[in-house]
Protein chains: 2
Amino acid sequence: MTSEATPAPGRVGDVRRRNLALVLGCLGPDAVASRAEIAAVSGLTKASVSSLVADLLETGLLEEVGVTRGGERGRPGVGLALNPRRGALGAEVNVDYLAVGVLDLRGQLRVHETVEASNQGRAPGDVLADLHGLAARVRDAASADGVELLGGGLAVPGIVDATSGRVATAPNLGWDDVPLADALEDLVPGTPFAAELSNEADSAALAELWYGRGRALGSYLYLSGEVGVGGGLVIGSQLFTGAGGHAGEVGHVVVDPGGRRCSCGGRGCVETVAGQEAILGAAGITGGGSTTTGRLAALTRSLDAGDDRAIRAVKRAGEALAVAVVAAARLVDLSAVVLGGHFGLLRDVLGPALDETLDDLAPGRIAAVTFSDLGASAAVTGAAGAAVRRALAAPHALLG
Amino acid sequence: MTSEATPAPGRVGDVRRRNLALVLGCLGPDAVASRAEIAAVSGLTKASVSSLVADLLETGLLEEVGVTRGGERGRPGVGLALNPRRGALGAEVNVDYLAVGVLDLRGQLRVHETVEASNQGRAPGDVLADLHGLAARVRDAASADGVELLGGGLAVPGIVDATSGRVATAPNLGWDDVPLADALEDLVPGTPFAAELSNEADSAALAELWYGRGRALGSYLYLSGEVGVGGGLVIGSQLFTGAGGHAGEVGHVVVDPGGRRCSCGGRGCVETVAGQEAILGAAGITGGGSTTTGRLAALTRSLDAGDDRAIRAVKRAGEALAVAVVAAARLVDLSAVVLGGHFGLLRDVLGPALDETLDDLAPGRIAAVTFSDLGASAAVTGAAGAAVRRALAAPHALLG
DNA sequence: TCCATATAGTTCAGAACGAATACTAATTCA
DNA sequence: TGAATTAGTATTCGTTCTGAACTATATGGA
């Protein structure tokens, strides 16, 4: 939900809260800067920065890392950097696996464990029990590695309400209106920033923004090819959640008004052409007891072998995605796309088809079509990264 | 352009600036409230509100309007309301007319004058000279009516850069890269808030938000049927300008990937089906020396007469708009649409076609399709309203 | 070696501001 | 007439940033 202009009165203390976050914002994941440099960049006075940094050192978010040489002459500054011994936990429940990881403030994924398992149709309670076992192991590993957790996040492939911690619906898991508030509580017990629930495509889009292709772009449409076609819109280096809180639902943009009925009740949606089932079906790769992963592998083999039917199916998917991408380009004035999830496997065929169709439908409009290189850890990284950002945006919560 | 997180240091004075605007924000166009009521609504203390109101009275934005009865007992409060003797000027250059008006802080359009003239292909300088003559008359009328101007705005049917005051391109005027900084300066000379340039569809969308259908909606896609098909996205009661600053360009969303080439170089765009020329052409209403307004009148006569070709052309436009509306619904999670401009003339045929197609392509997704009732003054009202909002958001600029 | 110069960082007085509290003002009701 | 109730003001206090003066630590040349 886009935040309504809450009539919150400005208090004197707000200024300090804002400036504490401002100082942290001057330090990227890898940056080292002295108090004087921070003062110059932020526009704050040296006196204010000194005072703010003292507080931030107390929170443990910041640490001093020896001296820095600025100009040739004069007293050297004391280097300041984000403390790599603080971090957040990210978790992901997906159709074929569970994954949990710990990301530190410097953006390093310090621990990452994945458990393959088919969670489709399992009772949420059973899945969550497995997840918590995995999370406990990961927390222990992080602790052994010297990382103290500040918070966490959980990503699921479905429509979620972050404020209440409920999964409204996750069709591919078979979940419907599942409350996860307790599960979130148990994920990172006793940390100052409670774990939050998020959509898997949104988390992956954010991981891309903070630690992947998106850093150089700032604004882009992230397309996630999973069982469905998910999407996340990043506008001006921020996740755009739209009017109702669930923007970027690319899978059900209409690309063919006269096309096939979709499971959503609509007609001619992207998913009816570019969803996994649609592609595999059109390519003639039948279910036959095989897993989705196995069938996708068969598809890539067919593509490599030059199988005409497979190539046409993937090309058709690329064309459908192009129509949706143009709609995004026009409606929210985007000019970049990042493709992730299983689309990466199809890139050799999908990329050219997408490029070509974009050039026909809206020449010159899309400047950059890129494929993600974050791999399978995107959602976990994004979920943990969001918790890290929450901490860096609200350092005052860590002060007495 | 979505504002990058400018590293602006928070200063002590920011708190007061914010709270001054907060107090004004508690007073809608028609609202009257006492200091005590404002304190209760805003969360500020009575003492702070008293102090803030004293400053605001000094700016002239606020005025005392007699006593108010709160509860049954106790001292009555002093009513506070926005001062209707302050306002802003809105101007519009369009293909068939020039218009200038003055809107007061209470949202009343106190003066509004329109001059019919075909501005297509005229030199920008000539058009602007006419506009300034009109603006001078309107300023005099406002002054005679006791309204003091705080600022202004100018809306044009094209892509603009508000920060530099340039029109990048306005195809239907035949303008290309026209600098309007001087013209804006002359529009409201000597006012504290400089006039700003805006897109006509965006201004109309904002007028809808502040003074029309949008008040009840908060988030919607505004569709403006002019020579082209313009659009404005309002998300969470704010104009959404997207990644590049020009969101809502509905006219070139692809609705038929195999469709006709568009003047933009693309294919199957909304405008190739729902633009004025496309509808008139498909309806068989030829140019024949007649003005666009005349041809549109002929179209509505044909519709009223039950002419099949005309009805099919408008229905086809409704279907095309539906595809674009679904794209917006999915991508930015909208559920409401407001139709303005010349679409209002076609509402009897266009509305049902739109509803029906929406129900086929995305059943239940769009909750509200409404037609604007602001008429021809939408863009002028929006341009002036934006200036009013700027003043109400930055009252400190009016203090010594 | 020693001092001028340059840069980093701290200390302290001052101003701006909202919060809390106690006060005055104006009204109703018994 | 006075108690109760509500509106609004005055005063004191704590928080925070700013700016200027100050201390700390380096380089480089006499």
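The chains referred to below are lettered A, B, ... by the order of the sequence lines, with proteins before strands, and numbering in each begins at 1. What you are looking at is a predicted structure, and each value in this text was computed from that prediction instead of being measured.
- A:R75 contributes a side-chain N or O that forms a donor-acceptor pair with the base of C:dA8 under 3.5 Å.
- Contact check, B:R35 against D:dT9: a side-chain N or O comes under 4.0 Å of OP1 or OP2.
- Comparing D:dA10, D:dC17, C:dG18 against the side chain of B:R11 picks out D:dC17 as the nearest.
- Side-chain N or O atoms of B:D161 include none that pairs as donor or acceptor with a backbone N or O of B:R166 at under 3.5 Å.
- Although no hydrogens or angles enter the test, the distance criterion places a donor-acceptor pair under 3.5 Å between the side chain of B:D104 and the main chain of B:R106.
- At D:dT16, none of the side-chain N or O atoms of A:S51 fall inside 4.0 Å of OP1 or OP2 (strictly under the cut-off).
- Nucleic acid contact for B:V49: none, since no nucleic acid atom lies under 4.0 Å from a heavy atom of the residue.
- Note on A:A47: a base of the nucleic acid sits closer than 4.0 angstrom, heavy atoms only.
- The residue A:S48 sits close to a base: some heavy atom pair falls under 4.0 Å.
- For A:P76, the listed nucleotide lying nearest its side chain is D:dA26; candidates were D:dA26, D:dG28, C:dT10.
- In this model, the phosphate group of D:dT16 is not approached by any side-chain N or O of A:N19 to a distance below 4.0 Å at OP1 or OP2.
- Counting to the nearest Å, the P atom of C:dA16 and the NE2 atom of B:H396 are 16 Å from each other.
- Comparing C:dT10, C:dA19, C:dG18 by their closest approach to the side chain of B:T45 singles out C:dA19.
- Counting only heavy atoms from C-beta on, A:L44 has its side chain closest to D:dT18 among D:dG8, D:dT18, D:dT5.
- Among the atoms of the strands shown, base atoms are found under 4.0 Å from some heavy atom of B:S50.
- Counting any heavy atom pair closer than 4.0 Å across all strands shown, A:V15 reaches sugar-phosphate atoms only and no base atom.
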